[in-house]
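Below you'll find the structure, written out as structure tokens, and then a few comments.
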Amino acid sequence: MGDPYFKVKDLCKRNNVAVFSSNFSLYTNMSDRVMMTLSEFTPELEVYSVDEAFLNLTGFQNLESYAREIKKMVEMKTGIPVGVGVGPTKTLAKIANHIAKKSQKAGGVVVLLDRKLQDEALRRVSVEDIWGVGRANSHKLKQMGIHTAKEFRDYKNDRHIQKVFTKIGLQIKEELMGQSRFDLELTSPKKKEIISSRTFGSSVEGVEHLRESVANYASAACEKLRKQSSVCSGVEVYIRTSPFKNTEQYYAIETAKILSATSDTRKVIRYALGVLDKLFRAGYEYKKAGIKLTQITDRTQSQMSLMDSPDSLKTDALMRCMDEINGKEGPRTLFSAACGTQNKAWAMNRNYKSPRYVSSWNELPVVK
């Protein structure tokens, strides 16, 4: 897991492994369809990640039957098989879902409302598989003689748990006891940092290719920034060579401070390219570049500067118009000239990309 494809290419061929390049627009579209289907089953839904959600089923009857109906409808409407875990708390629901995915007997659905069933389930789950524990904390727990979720739940010294794992660790333990400590987050919190970066399909040496890549990443990051109605005051840029290649290595990173917080793509690109020009060193084969927007605040609460002009109403209208057109007609229908118009030497290798059957008119399946 996590190895670059070229390292395991022969292994994949020998074992007939299906290989696909990343296709984020397809994943996002399918995720939205799954979440939309889930929202039909409850008025309270927390979208936890691209492939995971929490539903509040308080007050519903016959939860196992209802859970199986949820699983059936998601698969019927989207073609995506899902596992459904039901419990009195988020952590127990995660435990139930973990078992639902592992057990063939469960058929993709596990309900842990009965204390005896919880005992049996927690006995079978290792501490490292408890939601929120992690590898480092699981090692500490095992040093305390705690190896299973049940042993963690039944540990008597709460003060010691809080001392070793802070308040969050104690809350996880209480959740395993059936006491709800993590409420549903019905509105997604705004991102405090936005990162956009890619590994290049081919190494590049010229600064012009790096400038194009950074301009594109800045554009993508600013679109996400505006989507959550935020502005930023910091732009961080980094460039690096390939650690897998036997050549001289170089890595550099630097941040620029924007006096008046902005979400204007043109302004962010200007600052980002200024940082890039400082970082660039000739003679290296660059393999990756990235940008991070920092010091993000709500656009209605941003601090203005006497030394720099804030985004004007005309700027806001231009960016909004650009986002609407790209959202309707497709990415890069409108873009800054700094992003380049020719074939991109720095573009990702996506030779195994599946078609965007559900998110692109040009890639719809053709039936003859």
A289 versus V214, closest heavy-atom pair with distance: CB-CG2, 4.3 Å
Working to the nearest 0.5 angstrom, can you tell me the gap between R198 CZ and S213 OG? 11.5 Å
Answer yes or no: is there a donor N or O on one side and an acceptor on the other, between the side chain of E75 and the main chain of K71, under 3.5 Å? no
Test of understanding: with ring-ring contact (aromatic ring centres under 6.0 Å, His included), list the residues that count as partners of Y27, not counting sequence neighbours. none
Check for a donor-acceptor pair, side chain of E44 on one end and backbone N or O of L184 on the other, with a separation under 3.5 Å. no
Check the angle between the aromatic planes of Y5 and Y352 and answer parallel, tilted or perpendicular using the 30° and 60° thresholds. perpendicular
So which atom in T294 and which in V235 form the shortest heavy-atom distance, rounded to 0.1 Å? OG1-N, 4.3 Å
Cation-aromatic face contact R332/F335, 6.0 Å, 45 degrees: yes
Would you mind checking if D119 and R123 are paired as a salt bridge, meaning a charged N to carboxylate O distance below 4.0 Å? no
I would like to know whether Y155 and K173 meet side chain to side chain contact (heavy atoms under 4.5 Å, CB included); could you show each step before the answer? CA-CA 9 Å; Y155 192 76; K173 179 180 181 296; 4.1 Å; yes
Shortest non-hydrogen contact between K90 and E185, atoms and distance: NZ-N, 4.4 Å
Neighbour count above 12 (heavy atom, 6.0 Å) for Q143 CD: yes
Between F152 and W131, does the ring centre distance come in under 6.0 Å? no
To the nearest 0.5 Å, atom OG of S242 lies from atom OH of Y284 at 14.5 Å
Is a salt bridge present between E64 and R68, judged by a nitrogen-to-oxygen distance below 4.0 Å? yes
Under the side-chain contact (heavy atoms from CB on, under 4.5 Å) test against K150, which residue among L122, L176, V127 passes? L122
Distance-minimising heavy-atom pair for D308 and K267: OD2-NZ, 3.0 Å
For S312 and T315, indicate whether the former's side chain and the latter's backbone hold a donor-acceptor pair under 3.5 Å. yes
Closest non-hydrogen atoms of D51 and M35, given as atom of the first, atom of the second and distance, are C-CE, 4.4 Å
Can you measure from OG (S263) to NZ (K227) and round to the nearest 0.5 angstrom? 15.0 Å
Kindly indicate, with the supporting measurements, whether the criterion side chain to side chain donor-acceptor pair (under 3.5 Å) is fulfilled by K192 and Q295. CA-CA 7 Å; K192 296 180 180 179; Q295 301 177 53; over 6 Å; no
Under 3.5 Å, side chain of S126 to main-chain N/O of D129, donor-acceptor pair present? no
Here the pair of heavy atoms bringing V268 nearest to T262 is CG2-CG2, 4.0 Å
Hydrophobic cluster identity match, V74 and M76, side-chain contacts under 4.5 Å: yes
Measure the spacing between CD of E236 and CD1 of I195 and express it to the nearest 0.5 Å. 8.0 Å
Chi angles and distances behind the side chain to side chain donor-acceptor pair (under 3.5 Å) call for T28, S25: CA-CA 5 Å; T28 301; S25 62; over 6 Å; no
Nearest 0.5 Å, please: how far is OH in Y286 from OG in S203? 11.5 Å
May I have the step-by-step check of side chain to side chain donor-acceptor pair (under 3.5 Å) for E128 and S138, ending in yes or no? CA-CA 5 Å; E128 58 265 29; S138 68; 4.6 Å; no
Among D311, D316, D323, D264, the one residue meeting salt bridge (Lys or Arg N to Asp or Glu O under 4.0 Å) with R226: D323
Enter the distance from E175:CD to I130:CD1 here, rounded to the nearest 0.5 Å. 11.5 Å
Flag, side chain of S103 to backbone of A100, donor-acceptor distance under 3.5 Å: no
For R240, does its backbone N or O pair with a side-chain atom of K288 as donor and acceptor, under 3.5 Å? no
Please check if the number of heavy atoms outside K353 that lie under 6.0 Å from its NZ is greater than 12. yes
Working for side chain to side chain donor-acceptor pair (under 3.5 Å), residues T241 and Q249: CA-CA 6 Å; T241 54; Q249 299 294 306; 2.9 Å; yes
Give me the ring orientation class for Y66 and F60: parallel if the planes are under 30° apart, tilted from 30 to 60°, perpendicular past 60°. parallel
Should E120 and R115 count as an ion pair when the cut-off is N to O under 4.0 Å? no
